[in-house]
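Chain naming here is simple, since letters A, B, ... match the order of the sequence lines and numbering starts at 1 in each.
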Amino acid sequence: MDGQRLKFYLPRAPFEITELIPWVLGIAVFFLLPEYLALAARILIFIILVLSLDLIVGYAGVVSLGHGVFFGVGAYAAGIASVSLDIHDPLMQLLIAAACAGLLGLLSGAVVLRGRGLTLIMLTLAVASLVHEAANRATQLTGGADGLTGVVIDPLLGLFSFDMFGKTAYVYSLVVLFIVWLLLRTLCRSSFGASLIGIHQNTMRMQAIGTPVLRQLLFTYTLAAAIAGIAGALLTQTSSFVGLNTLGFELSGEILVMLILGGVGRLYGAFVGPVVFLVAQDYLAKQFPENWYLGIGVLLIVVILYARGGILGLLDLLVKKGVKA
Amino acid sequence: MRFFKRILSIAAVVSVAVAGTAAAETIKIGLITSSSGQGTFLGEQMIQAAQLYMNQNKDRLPAGTDVKLIVRDDGGPNPDKARQLAQELIVREKVDFLTGFIWSPNAAAVAPLSTEAKVPTLLMNAGASINITLSPYFVRFSMGTSTAPFYLGKWAGARFKTSYIAVTDYGPGFDSEKYFELGFKENAGAEVVGRVRMPINTADFVPYLQKVKELKPDVLFVFVPTGRIGVNFVKAFNDLGLAKQGIKLVGTGDITADEELPSLGDAALGLLTVHHYSGAAERQATKDFNAAWAAAYGKDSIPSFAAPQAWDTMDAIYEAIIAQEGKVESDESMEILRNYKSDKSPRGTISIDPKTRDIRQNEYLREVRKVEGRLANVEIEIVGQQVLDPWVEQNSK
Amino acid sequence: MLEVINVVFHGAAFGMVLYVITVGLSITMGLMRFANLAHGMFAMVGGYALIVSMGRYGVPYPAALGLAFVASCLMGYVLERLLYSRFYGDSELAQVLISIGLIFVAIALVRMVFGPQSQRVDLPSYLQGQWHIFGLDWIAYRVFIIVVGALLILALWFGIERTRWGAKVRAAVDNRAMAQSIGIDTSRIFSLTFMLGSGLAGLGGALGVELLAVQPGYPFEFLVIFLMVVALGGIGSLRGTFFAALLIGLADTACKYWIPELGSFLLYGLVIVFLGLRPGGLFGAQT
């Protein structure tokens with residue numbers, strides 16, 4: 001797992017041709033699968049979310065079980081901006097969502113990141129529960145358990161309205177994903193990225209050489225929160241609705257599964273995981289809803305026991321074997 | 001049991017062929033319900049009722065018309081998922097009608113889609129009062145959650161001076177609270193001495209009931225999600241000795257759900273509830289419905305209110321299909337649906353109010369009594385005659 | 001005044017249940033340094049064991065409690081040997097993920113077998129209704145919980161402080177390497193302790209059927225509150241867990257009674273702030 005990552009953050013690491021694959025596929029899907037664009041847009045949104053998760057779990061090594069809360073906050077920020085503040089421009093909503101989620105990330109991170117181990121995990125959960133409770137109670141603002149209806153989204157750039165086929169949603173999400181990815185790839189390739197990995201692997205040593213550990217972690221946490229918030233806003237914009245389950249624990253658990261499935265700590269795992277998970281869910285969960293949950297649990301256990309690098313890790317092994325042969 | 005249910009779900013996807021010629025016209029009905037997660041019990045009854053109706057009414061369909069029921073699982077109160085499923089049903093499966101919906105938030109999330117795609121959407125169970133206003137293509141066949149509390153309140157206020165209101169902290173809870181109070185206070189001198197909103201996953205009602213015990217109201221009105229939770233509440237009520245103290249417990253039919261009565265046991269005797277349906281009603285239509293149900297699903301299966309609601313909805317859809325001779329068109333269907341009337345429903349006479357697209361039905365006061373050795377919700381009187389949901393009524397002017 | 005007594009009484013009962021469930025988690029966390037988020041499933045299994053044995057097989061209540069304990073013990077032992085022991089000393093992420101995987105599996109299996117509704121059980125008649133003590137009415141079952149909880153605490157304290165096994169556990173918690181070097185078979189200690197902790201969780205789950213609803217979502221639903229108790233009390237501290245459980249039980253009940261509009265919100269907020277300032281909890285190491 002580490003060898004792969006090392007290659008990744010060397011300054012001026014060359015662009016590999018395989019890195020174009022996601023974007024080629026992304027454009028192809030738009031033309032080849034018009035009936036599945038809504039599902040595809042949803043996958044893109046989750047890729048953005050899982051990318052932000054990889055930043056804190058994979059790179060910074062902060063195990064968060066409550067990352068979904070930033071997604072939910074972003075979703076509600078966009079929704080409330082529309083319903084209560086009459087702000088219907090999607091790009092404006094994105095900004096508001098990123099700001100709100102980022103702020104929560106900053107405030108909660110300041111408290112949460114001081115803990116270690118179980119305490120840290122528990123605090124991420126507690127923050128998520130707190131916000132979930134708050135949203136549940138503030139029915140005037142959030143619609144409570146019934147969810148927020150009446151969200152109106154203006155056409156994107158004044159030209160492209162969000163239709164039920166998901167065409168606009170898809171292209172919009174793809175562009176946002178591209179920008180986010182560019183940002184993260186640059187960040188992780190820089191000395192900041194190297195520093196994060198250092199903190200992950202040996203915090204004490206990093207402190208000894210004078211790295212402002214807490215500050216860097218906090219920055220990362222806040223950035224990840226903002227990106228998750230953007231993903232949340234995208235969901236609101238594509239469904240014209242916000243539900244409480246965007247803040248639920250199940251979501252936080254599911255994205256962790258997606259990340260591990262794809263391969264943690266290498267950014268591209270965040271592309272693979274959601275695609276595999278959501279496509280499988282779309283097909284299998286319809287046929288066998290109970291077994292789906294069981295299957296995911298078993299899969300997770302198997303992956304942790306035998307294939308920690310996830311799908312990309314397995315691919316690496318295959319490539320290595322292929323090279324040796 | 002699980003296997004049996006699985007078979008039912010799979011069977012639901014199989015089309016119901018019309019006698020005779022090969023189907024030329026297939027009408028597709030998308031049914032979004034909960035087959036896993038919360039609400040599974042009601043969800044499965046919904047599917048069972050729909051299938052029972054379809055089996056019994058094959059011959060009424062126009063020649064060459066075929067009806068296909070496509071069932072999807074929203075996994076509980078997951079508005080996001082419900083919307084996704086609705087989108088797929090509309091875009092991929094190209095359904096002519098959308099129906100189902102156990103949970104109000106799920107229905108709410110689908111509203112913009114129904115409007116954009118112009119698909120008649122019939123709510124079989126979701127009841128948040130505001131739902132019906134969310135799309136001009138919504139028609140409601142279930143009930144509005146403000147209705148039963150309002151008429152219960154009116155009835156209770158005439159007989160009791162003081163009341164305490166305990167509801168679960170979510171949409172239907174708020175509706176119930178508001179309208180029980182409105183109905184209660186319509187009677188001069190009646191007042192509400194206290195109220196509480198309990199979190200949605202409360203198992204332990206004792207701390208809340210302790211407060212009620214101290215305030216000593218004449219009557220305690222409770223609204224909790226239907227089913228098992230009601231049983232816990234009644235148990236706690238009795239355990240704390242509130243009944244002995246003379247406090248009368250009343251609520252919507254959710255606390256004495258027909259299928260939970262056996263769990264409640266004799267502690268339930270005398271409980272008064274208001275609801276739009278009871279399996280113990282003396283109407284011929286109810287008896288026929290129960291007989292058909294028992295024949296199809298066995299004597300131990302007790303149809304809850306979700307079943308007749310689904311049944312009536314299918315009846316309305318079939319009426320629309322038959323009237324249009326198998327060639328359904330959205331706005332034409334809507335016109336037929338909004339003028340739907342039936343006096344053969346297991347619930348008694350029902351009709352849709354054309355202006356609001358919401359249901360008009362009776363609200364019955366029922367008391368839990370022993371009938372032929374089994375506990376049953378016996379209808380004593382009609383406290384609301386062919387009434388519309390009060391919130392909808394107030395807000396449609 | 002009566003109000004306060006009632007709140008304290010109910011809060012204490014809730015706190016007792018929380019303690020019995022979480023004490024196992026605290027000890028195994030301190031011992032094996034393993035973040036077992038799936039601990040709630042042992043409590044759930046205990047709850048279901050009680051309900052099934054009483055409801056379907058008519059087993060009398062005390063025996064059913066014992067069964068709940070034994071069932072969870074067994075499950076704990078098997079899982080520890082097969083799965084958990086492979087992850088001692090592993091990365092936190094791996095531990096968290098394996099726990100989550102187990103939770104998913106547990107929830108799915110339980111849902112398939114028992115259905116999604118919450119389960120109910122009829123308590124024996126001698127525990128129903130209220131008892132009249134010192135001129136006041138107390139719900140019989142809650143009194144029972146408090147008494148049983150207190151006895152368990154005494155037994156545990158005795159076990160940890162006064163027996164050789166307890167001494168070995170304390171040694172291994174303080175310094176595993178050292179304990180091993182003086183000949184203590186730490187891996188056996190781990191298994192036994194894990195087994196005991198799971199068994200206690202099962203017993204707690206069974207005792208608390210009326211307080212914490214037994215339904216498939218149990219391990220997720222109560223995860224936060226279990227973790228809060230452990231984190232607040234300080235990992236590995238019996239005493240800390242006890243006080244934390246009591247505190248949270250009381251606070252939760254008090255909030256429900258006096259400020260139901262805020263609900264758990266206040267509770268979470270306070271705990272977060274407290275742990276932010278004192279990450280080690282009440283009685284734990286403060287590093």
Side-chain angles (χ1 to χ4, degrees), chain A residues 33-39 41-42 45 71-72 75 132-133 136-140 142-153 161-167 169 232 235-236 238-248 250-251 278 281-283 285-294, chain B residues 2 5-6 9-10 13 34-37 40 70-88 90-94 103-117 119 126 128 130-131 133-135 168-175 197 199-200 225:
Chain A
L33 300 171
E35 282 189 352
Y36 290 83
L37 286 180
L39 174 65
R42 194 182 163 78
I45 290 173
F71 181 76
H132 184 274
E133 252 317 273
N136 195 12
R137 305 234 143 222
T139 31
Q140 298 290 42
T142 62
D146 289 331
L148 192 63
T149 51
V151 175
V152 174
I153 313 288
S161 60
F162 287 86
D163 62 312
M164 70 181 182
F165 292 94
K167 286 210 233 30
L235 186 70
T236 302
T238 53
S239 38
S240 305
F241 178 84
V242 194
L244 261 187
N245 55 348
T246 52
L247 283 170
E250 278 216 23
L251 186 76
L278 288 172
Q281 189 181 52
D282 184 61
Y283 183 67
K286 269 192 209 110
Q287 319 283 15
F288 320 107
E290 303 297 6
N291 299 347
W292 163 255
Y293 221 54
L294 182 66
Chain B
R2 293 268 109 200
K5 288 173 185 171
R6 182 67 42 72
S9 309
I10 295 175
V13 181
S34 306
S35 305
S36 68
T40 305
I70 306 177
V71 178
R72 289 285 180 260
D73 176 26
D74 55 19
N78 278 333
D80 189 33
K81 183 97 184 280
R83 187 188 188 278
Q84 220 192 311
L85 292 168
Q87 198 266 356
E88 285 168 25
I90 294 174
V91 169
R92 287 195 224 171
E93 307 284 347
K94 305 188 180 32
W103 303 97
S104 299
N106 292 10
V110 168
L113 276 175
S114 304
T115 311
E116 190 183 338
V119 173
I130 195 174
N131 270 9
T133 61
L134 295 176
S135 167
T168 298
D169 195 1
Y170 73 140
F174 308 148
D175 286 342
R197 289 179 176 181
I200 207 162

Task: Which atoms of A:Leu39 approach chain B - backbone, side chain, both or neither, heavy atom under 4.5 Å - done: side chain
Task: Closest non-hydrogen atom pair, B:Pro105 against A:Phe241 - done: O-CZ, 3.8 Å
Open item on the list: How long is the straight-line distance from CG of B:Asp169 back to OG1 of A:Thr139, given to the nearest 0.5 Å?
Closed with: 7.0 Å
- [ ] For residues B:Gln87 and A:Met164, report the shortest heavy-atom separation together with the two atoms involved.
- [x] NE2-O, 2.5 Å
Open item on the list: Given heavy-atom pairs under 4.5 angstrom as the criterion, report whether the side chain, backbone, both or neither of B:Leu85 touches chain A.
Closed with: side chain
Open item on the list: Looking at every heavy atom in both A:Ser240 and B:Pro112, which two are closest together, and how far apart are they?
Closed with: CB-CG, 4.3 Å
Open item on the list: Please enumerate all residues that pass ring-ring contact (aromatic ring centres under 6.0 Å, His included) together with A:Phe162, with sequence neighbours excluded.
Closed with: A:Tyr172
Open item on the list: Looking at every non-hydrogen atom in both residues, tell me the closest pair between A:Glu35 and B:Val91 and how far apart they are.
Closed with: OE2-O, 4.0 Å
Open item on the list: With a 4.5 angstrom heavy-atom cut-off, is it the side chain or the backbone of B:Arg92 that approaches chain A, or both, or neither?
Closed with: both
TODO: Taking B:Glu116 for its side chain and A:Asp163 for its backbone only, find out whether a donor-acceptor pair lies under 3.5 Å.
DONE: no
TODO: With sequence neighbours excluded, tell me which residues meet side-chain contact (heavy atoms from CB on, under 4.5 Å) with B:Asp80.
DONE: A:Arg42, A:Leu235, A:Ser239, A:Asn245
Task: Region of A:Thr238 in contact with chain B, defined by heavy-atom distances below 4.5 Å - done: backbone
